[in-house]
Amino acid sequence: MKTVRLISFLFFSYIKCQTLQRTLLDTAMQHTSSQNYLEENLRSIISTMVAQFLQKLTYEEVQTTVNELLDFAEKCKSLNLHESPSECSYQLMTTFLEHICNNQGMVDKHVFSDCCNINNTARHKCFLLYKKDDAGHSDIFQIPNPEQICETDKENQASVKERYIYETSRKHPFLYGPTILTMSACYETAIQSCCQQENNTECLQIKLEPIRKYIREISLRHHHLCEIGIKFNHKVAKSVELVLLTKKQLKANFSEIAQLAVDTKNLHQTCCEGNAVACVFGRSQLMNDICSKQTILSSKIIPCCALPVPFRGECIINSENDDKPDLSSLPLSRFTEDRFVCKQFTDKQDDFLQEFLYEYSRRHPELALPVILRVVTVYQNLLGKCCKLEDPLECYSHGREMFQRVVLESHERVKNHCDLHEKLGDNNFHDRLMVLYTKKAPQLSAQELIMFTKSMAAAATRCCPLSDDQQFVCMEDAAKLILGALCRRHEAEPINVNVGHCCDDSYAFRKPCFEDLQVNGTYISPPLPCDQIISLKEVLCKAQEEEFQTEKQKLLSNLVKQKPYATEMQFQSFIVDFTRLVRKCCQAEKSEMCFQEEELKLIEKCQSLLGSKLFQKTST
């Protein structure tokens with residue numbers, strides 16, 4: 001069974017990758033390379049920026065604001081992609097924010113008054129804090145019906161594309177502008193192609209689904225990269241880029257990768273600031289630079305570099321990692337056996353550690369990003385200790401064993417996680433996560449806990465059937481994004497000190513830190529009597545399976561908050577009884593009477609679990 005699921009996963013992962021690249025290629029073939037890309041797409045770029053900052057504006061309001069900004073933006077049109085856009089684009093951003101603050105209706109609608117009372121850089125940062133990627137907007141540009149959209153496309157193709165840009169931008173305010181432009185072109189091409197076919201409904205579903213999935217997944221990654229850049233120092237952000245670039249371009253030398261890492265980090269910062277004009281310019285410049293060195297960097301990007309702007313960027317990002325070179329003649333031992341290690345570490349610590357990170361990543365491209373960062377963190381701490389001793393070589397010569405231990409411990413955590421998932425099954429595994437994370441973060445609402453643990457459970461369902469190495473990378477990659485979202489929630493509204501410590505202390509060790517958290521002993525739940533925790537109603541019989549699971553997990557979360565030190569066996573026993581009683585009563589002839597009788601029994605068990613003292617206190 002596990003083998004079948006693995007083959008299925010790999011097949012669909014391959015198809016997904018090939019489908020996206022094919023979508024990019026099909027669309028790119030219909031676009032010629034243009035020296036005036038910015039001029040031709042300036043309106044779309046500014047629309048992206050406006051919709052991402054002002055998520056509550058209607059489409060018509062966004063277009064009005066864009067029209068008012070275009071006069072100033074005309075100055076940017078004369079720039080070529082090889083020139084620096086900084087002065088023009090940053091003046092445009094300042095003008096945009098001034099425009100918002102001078103419009104009282106806009107300020108009131110978006111509650112921006114506190115931002116408008118400060119100036120310059122502080123104002124910009126203030127506006128960024130109001131961006132919400134969970135604002136409840138529709139997941140994709142909703143198509144009322146194929147006939148309508150095909151008719152709209154026939155009458156005004158620009159309107160269809162611009163509306164897609166508007167909807168995507170306001171739903172994903174941290175998604176980089178160049179990606180939105182690229183995928184809007186893919187969307188437009190899909191619409192035009194499908195509207196010429198008889199079965200346009202099926203065609204639209206097939207062609208738009210890969211676009212929708214890609215937008216959702218890459219948006220999470222962009223937001224995560226923005227979080228790293230904001231929360232941690234520039235060294236962490238550069239290290240992340242260096243690892244990712246090294247794994248993709250394994251034959252490139254250190255100096256090339258190090259410079260690319262700096263350029264990429266700076267580009268991410270620009271894009272994360274929401275400056276769509278500078279972001280589009282920066283991406284184009286970076287991709288031109290990469291393509292000018294394509295034979296040195298990686299053979300895998302050569303087909304991408306033949307594509308026009310902006311398709312080459314998305315193609316390069318999604319290209320395969322380069323083939324692993326033979327590095328047997330260049331052993332890693334010089335970092336653990338050379339007597340001059342401490343001198344190099346002391347003289348140029350950052351450069352030395354970056355070079356170690358590069359060399360270790362080249363030799364272990366199969367490892368996930370957080371695991372490689374854990375290894376370099378352990379190495380840095382080791383040298384910090386050893387280089388103070390009389391015989392440092394004897395001390396740091398054990399480094400290799402320590403690196404292996406870090407990888408092994410990380411691997412064991414994932415293996416134990418997946419073994420538990422296989423033992424419990426999807427639903428029971430999710431219940432287990434609800435218990436664990438309610439204990440760790442009881443300040444979160446039941447709905448929030450369900451959302452985060454649902455993502456964790458889904459990651460296990462997706463990753464655990466894979467081979468050991470793929471399972472390892474898949475789980476580590478998923479965890480960094482899920483915990484990143486949890487930490488952004490903490491940043492917006494602090495959860496508790498322990499969660500804050502895991503979020504802020506070490507990016508590399510964030511996952512093991514969360515896994516090791518125990519019951520949050522400082523939290524005292526408002527007393528809740530059992531007759532308010534339990535609600536057995538006939539409506540549960542009509543609920544879909546997912547709705548039933550949600551109700552069950554809300555009950556579970558409330559129980560854990562009341563009795564966090566109860567054993568997992570006690571919680572499991574209670575949930576088993578709850579599930580059994582619902583199934584029993586839904587099959588009974590007189591369901592309502594059954595629920596009334598059984599609810600009393602379950603309340604008695606709840607009182608026994610929580611303790612009579614609590615019940616008496618809350619019922620008086």
Q. Is there any ring pair (Phe, Tyr, Trp, His ring centres under 6.0 Å) pair reaching into residues 455-482, and which pairs are they, with sequence neighbours excluded?
A. His411-Phe472
Q) In terms of side-chain heavy atoms, does Gln91 have a donor or acceptor partner in Thr94 at a distance below 3.5 Å? A) no
Q. If only atom types and distance count, is the side chain of Ser292 paired as donor or acceptor with the main-chain N or O of Asp289 below 3.5 Å?
A. yes
Q.
Between Thr179 and Arg283, do the side chains contain a donor N or O and an acceptor N or O under 3.5 Å apart?
A. yes
Q. Counting only N and O atoms by type, is there a donor-acceptor contact under 3.5 Å from the side chain of Ser506 to the main-chain atoms of Cys502?
A. no
Q | Closest non-hydrogen atom pair, Arg363 against Glu366 | A | O-OE1, 4.1 Å
(Q) Taking Ile495's backbone N and O only, do any of them form a donor-acceptor pair with His490's side chain (distance below 3.5 Å, no angle check)? (A) yes
Q: Measure across Val280 and Gly177 and return the closest heavy-atom pair with its distance rounded to 0.1 Å.
A: CG2-C, 4.3 Å
Q: Kindly compute the distance separating CG (Leu250) from CZ (Arg362), expressed to the nearest 0.5 Å.
A: 7.5 Å
Q) Is the closest basic N to carboxylate O distance between Glu409 and Arg374 below 4.0 Å? A) no
Cut-off 3.5 Å, no hydrogens considered: what does the side-chain donor-acceptor table look like for residues 375-384, sequence neighbours left out?
unit_1: Thr377; atom_1: OG1; unit_2: Leu373; atom_2: O; d: 2.8
unit_1: Tyr379; atom_1: OH; unit_2: Phe335; atom_2: O; d: 2.6
unit_1: Gln380; atom_1: NE2; unit_2: Gln349; atom_2: OE1; d: 3.1
unit_1: Asn381; atom_1: ND2; unit_2: Thr377; atom_2: O; d: 3.3

Q) Parallel, tilted or perpendicular: which fits the ring planes of Phe403 and Tyr360, with parallel below 30° and perpendicular above 60°? A) perpendicular
(Q) Is it the case that the ring center of Phe429 lies less than 6.0 angstrom away from the ring center of His417? (A) yes
Q: Using ring pair (Phe, Tyr, Trp, His ring centres under 6.0 Å) as the criterion, list what pairs up with Phe232, not counting sequence neighbours.
A: Tyr507
(Q) Between Lys238 and Asp350 (salt bridge meaning N to carboxylate O under 4.0 Å), is one present in this structure? (A) no
Q: Please check if any side-chain donor atom of Glu314 sits under 3.5 Å from a side-chain acceptor atom of Tyr214, or the reverse.
A: yes
Q: Answer yes if the side chains of Gln354 and Ser239 hold a donor-acceptor pair under 3.5 Å, and no otherwise.
A: yes
Q) Just by distance, with hydrogens left out, do Asp322 and Gln249 show a side-chain donor and acceptor under 3.5 Å apart? A) no
Q. Side chains of Asn253 and Tyr358: donor-acceptor distance under 3.5 Å anywhere?
A. no
(Q) ring pair (Phe, Tyr, Trp, His ring centres under 6.0 Å), that's the test. Do Tyr176 and His222 meet it? Break it down for me. (A) CA-CA 7 Å; Tyr176 296 171; His222 285 174; 3.7 Å; yes
Q) Does a salt bridge link Asp347 with Lys343, judged by any charged N lying under 4.0 Å from a carboxylate O? A) yes
(Q) On a heavy-atom basis, which atom in Lys247 and which in Pro365 lie closest, and how many Å separate them? (A) NZ-O, 2.7 Å
Q | Test: Lys440 cationic atom under 6.0 Å from Phe514 six-membered ring centre, within 45° of axis | A | no
Q.
Can a side-chain donor-acceptor contact be found between Gln259 and Asp263 if the only test is distance below 3.5 angstrom?
A. yes
Q. Should the pair Arg334-Glu355 be classified as a salt bridge under the 4.0 Å nitrogen-to-oxygen rule?
A. yes
Q. Are a donor atom and an acceptor atom from the side chains of His172 and Gln52 found within less than 3.5 Å of each other?
A. no
Q.
Within the 4.5 Å heavy-atom criterion, are Ser219 and Arg216 side-chain neighbours or not?
A. no
Q) Does the pair Cys226 and Cys271 meet the rule for a disulfide bond (SG atoms under 2.5 Å apart), with working shown? A) CA-CA 8 Å; Cys226 291; Cys271 296; over 6 Å; no
Q) Relative to the ring of Phe53, is the ring of His124 parallel (under 30°), tilted (30 to 60°) or perpendicular (over 60°)? A) tilted
Q: Would you mind checking if Asp477 and Arg221 are paired as a salt bridge, meaning a charged N to carboxylate O distance below 4.0 Å?
A: yes
